[in-house]
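Written out below as structure tokens is the structure these notes cover.
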Amino acid sequence: MMKHDKTNIAVLMGSPRKRDSYQICRLIEQSFHSTPDVTFDYLFLKDYHIEDCRGCDQCFQKGEEFCPCRDDLGILKEKLLAADGIIFASPVYACQITGSLKRVIDRLSYLFHRQELVGKPALTVVTTGGGGLKPAGSYLKMTACGWGCHLIGELGIMSPRFFERSRESAPAFGYDRRYHEAELRKLKRLAGKFEDAVNRQELPVPSFYDIFMFQCLRSKTFVSEVDYEYWKMHGWLESRYYYDVKMNPAKKVFARMMKACIDAVARRMLGTAMPQ
């Protein structure tokens with residue numbers, strides 16, 4: 001992967017406000033120490049016109065260029081493709097990510113089929129005033145890995161316990177100094193790993209979760225000619241992962257078993273309709 005002279009981090013910001021999620025991302029930005037020429041591009045989705053997905057299936061079966069929506073999605077996608085790293089950030093709304101971020105993921109759902117961000121370093125940031133950290137965090141992890149990104153880590157912050165301003169607004173369940181210090185240490189550690197991955201731009205060894213996602217998403221090639229041709233063009237159809245990388249024996253066995261299971265299920269369901 002080529003490294004540009006100037007480093008750009010795209011922050012896919014689900015929050016409509018510059019509050020908790022934004023402040024956490026700013027702390028990550030301030031933790032970049034060895035990258036002098038770095039820009040954090042905060043993509044506030046409220047500033048973009050993004051239409052709802054119409055569920056027409058055109059992007060899956062024909063290609064994303066057949067999507068009937070005409071809006072700013074292409075601008076956002078180009079910023080993600082051009083970035084050296086991506087941060088997926090959202091507060092918790094009703095136990096999940098915000099609707100504005102979900103709308104973008106819905107419209108880019110073909111990236112689960114035809115991955116264009118393979119190996120790009122990524123972080124997820126979720127903040128909440130109460131519950132919902134786990135489901136929102138799990139969804140963003142699945143999205144980042146499903147798009148082929150190299151997920152460096154996940155941050156889930158209980159805002160009332162982290163931000164000192166909550167002393168007065170929520171005194172009973174508010175600011176906890178020890179919680180703040182522990183999460184800040186984690187933030188700085190992950191920011192350091194993220195910065196290192198962005199600067200090195202090396203293709204990482206996939207985790208078991210990455211291999212699982214890769215093999216599961218390969219199943220899309222059995223039902224979509226567009227997906228099949230895309231994966232064939234990239235040489236992924238018979239691969240353990242998106243790129244050739246040294247794996248330990250356990251991961252090799254896991255990848256082989258996952259591939260065999262996916263192929264067996266496809267043969268049983270599709271029979272002779274399987275692509276050859």
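Predicted model only: the values in this text are computed from it and were never measured.
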Okay, side chain of D72, backbone of I75: is any donor-acceptor separation there less than 3.5 Å? no
May I ask you to test the L151-T124 pair for a side-chain heavy-atom distance under 4.5 Å? yes
Nearest 0.5 angstrom please: L76 CG to L12 CG, how far? 6.5 Å
I want to know whether W231 and F214 have ring centres closer than 6.0 Å. yes
Nearest heavy-atom neighbours spanning A10 and L43: CB-CD1, 4.2 Å
Using ring centroids (six-membered ring only for Trp), state whether Y175 and F162 fall under 6.0 Å. no
If hydrophobic clusters are built from ILVMFWY residues whose side chains come within less than 4.5 Å, do Y230 and Y243 share one? yes
Check for a donor-acceptor pair, side chain of K120 on one end and backbone N or O of A83 on the other, with a separation under 3.5 Å. yes
Nearest-0.5 Å distance, CD of residue Q30 to SG of residue C25: 11.5 Å
Please indicate whether E238 has more than 12 foreign heavy atoms, meaning atoms of other residues, nucleotides or ligands, lying under 6.0 Å from its CD. no
Centroid-centroid distance, W236 to Y228, less than 6.0 Å: no
Test side chain to side chain contact (heavy atoms under 4.5 Å, CB included) on C59 and F66; report intermediate values, then the result. CA-CA 6 Å; C59 64; F66 291 92; over 6 Å; no
Does a donor on one side chain and an acceptor on the other come within less than 3.5 Å for Q96 and Y139? no
Is there a side chain to side chain contact (heavy atoms under 4.5 Å, CB included) between I157 and D20 once you walk through the steps? CA-CA 9 Å; I157 301 293; D20 300 348; over 6 Å; no
Heavy atoms only: give me the nearest L101-I97 pair and the separation to one decimal. CG-CD1, 4.0 Å
K6 with D84: basic N within carboxylate O range, under 4.0 Å: no
ILVMFWY cluster, V245 and V253 together (side-chain gap under 4.5 Å): no
4.5 Å side-chain heavy-atom contact, F60 and V226: no
After noting the C-alpha distance and the side-chain angles of E64 and R114, does the key distance pass the side chain to side chain contact (heavy atoms under 4.5 Å, CB included) rule? CA-CA 10 Å; E64 59 272 23; R114 303 182 293 277; 2.8 Å; yes
If the threshold is 4.0 Å, N to carboxylate O, is there a salt bridge linking R218 and D263? yes
Just so I know, are the side chains of I9 and T39 near enough to count as touching, which here means a heavy-atom distance under 4.5 Å? no
Under a 3.5 Å threshold, yes or no: a donor from one side chain and an acceptor from the other, between S109 and D106? no
Where do L111 and Q115 come nearest, in terms of heavy atoms and distance? O-CG, 3.3 Å
Is there a chain of hydrophobic side chains (I, L, V, M, F, W, Y, each step under 4.5 Å between heavy atoms) that links V265 to M257? no
Applying side-chain hydrogen bond (donor to acceptor under 3.5 Å, both in side chains), which residue pairs with at least one partner in residues 126-135 are found, sequence neighbours left out? S21-T127
NZ (K252) and CE (M247) are apart, to the nearest 0.5 Å, by 8.5 Å
Evaluate the side-chain proximity of D37 to T7: yes if any heavy-atom separation is below 4.5 Å, no if none is. no
Is L217 reachable from F208 through a run of hydrophobic residues whose side-chain heavy atoms are each under 4.5 Å from the next? yes
Smallest heavy-atom separation, S15 atom then F44 atom, equals O-CD2, 3.4 Å
Please tell me if the side chains of R26 and E29 come closer than 4.5 Å, counting only heavy atoms from C-beta onward. yes
Evaluate the side-chain proximity of V38 to N8: yes if any heavy-atom separation is below 4.5 Å, no if none is. no
Hydrophobic clustering (ILVMFWY, side-chain heavy atoms < 4.5 Å, transitive) - are L155 and Y93 grouped together? no
Please evaluate residues F88 and V125 with respect to the criterion side chain to side chain contact (heavy atoms under 4.5 Å, CB included), reporting the C-alpha separation (whole Å), side-chain torsions for both, the decisive distance (0.1 Å), and the verdict. CA-CA 6 Å; F88 298 80; V125 171; over 6 Å; no
Strictly distance-based, threshold 3.5 Å: is any side-chain N or O of S219 a donor or acceptor partner for the main-chain N or O of I262? no
What's the shortest heavy-atom distance between G146 and M213, and which atoms? CA-CE, 3.6 Å
For the CG atom of L123 and the CG atom of L140, what is their distance to the nearest 0.5 Å? 11.5 Å
Which heavy-atom pair separates L187 from S31 by the least distance, and what is that distance? CD2-OG, 3.8 Å
By the side-chain hydrogen bond (donor to acceptor under 3.5 Å, both in side chains) test, which pairs, at least two apart or in different chains, include something from residues 179-190? R177-E181
Under the side-chain hydrogen bond (donor to acceptor under 3.5 Å, both in side chains) definition, can you give me all pairs with a residue in residues 44-53, not counting sequence neighbours? E51-R54, D52-R103
Is there a side-chain contact between E116 and W147 (heavy atoms, below 4.5 Å)? no
Strictly under 6.0 Å, is that where the ring centroids of Y42 and Y22 end up? yes
Check whether S90 reaches the backbone of T98 with its side chain - one donor and one acceptor, N or O, closer than 3.5 Å. yes
Under 3.5 Å: donor-acceptor pair, side chain of Q215, backbone of F212: no
Do the side chains of E195 and N199 get nearer than 4.5 Å, heavy atoms only? yes
Ring center gap for F112 and Y110 short of 6.0 angstrom: no
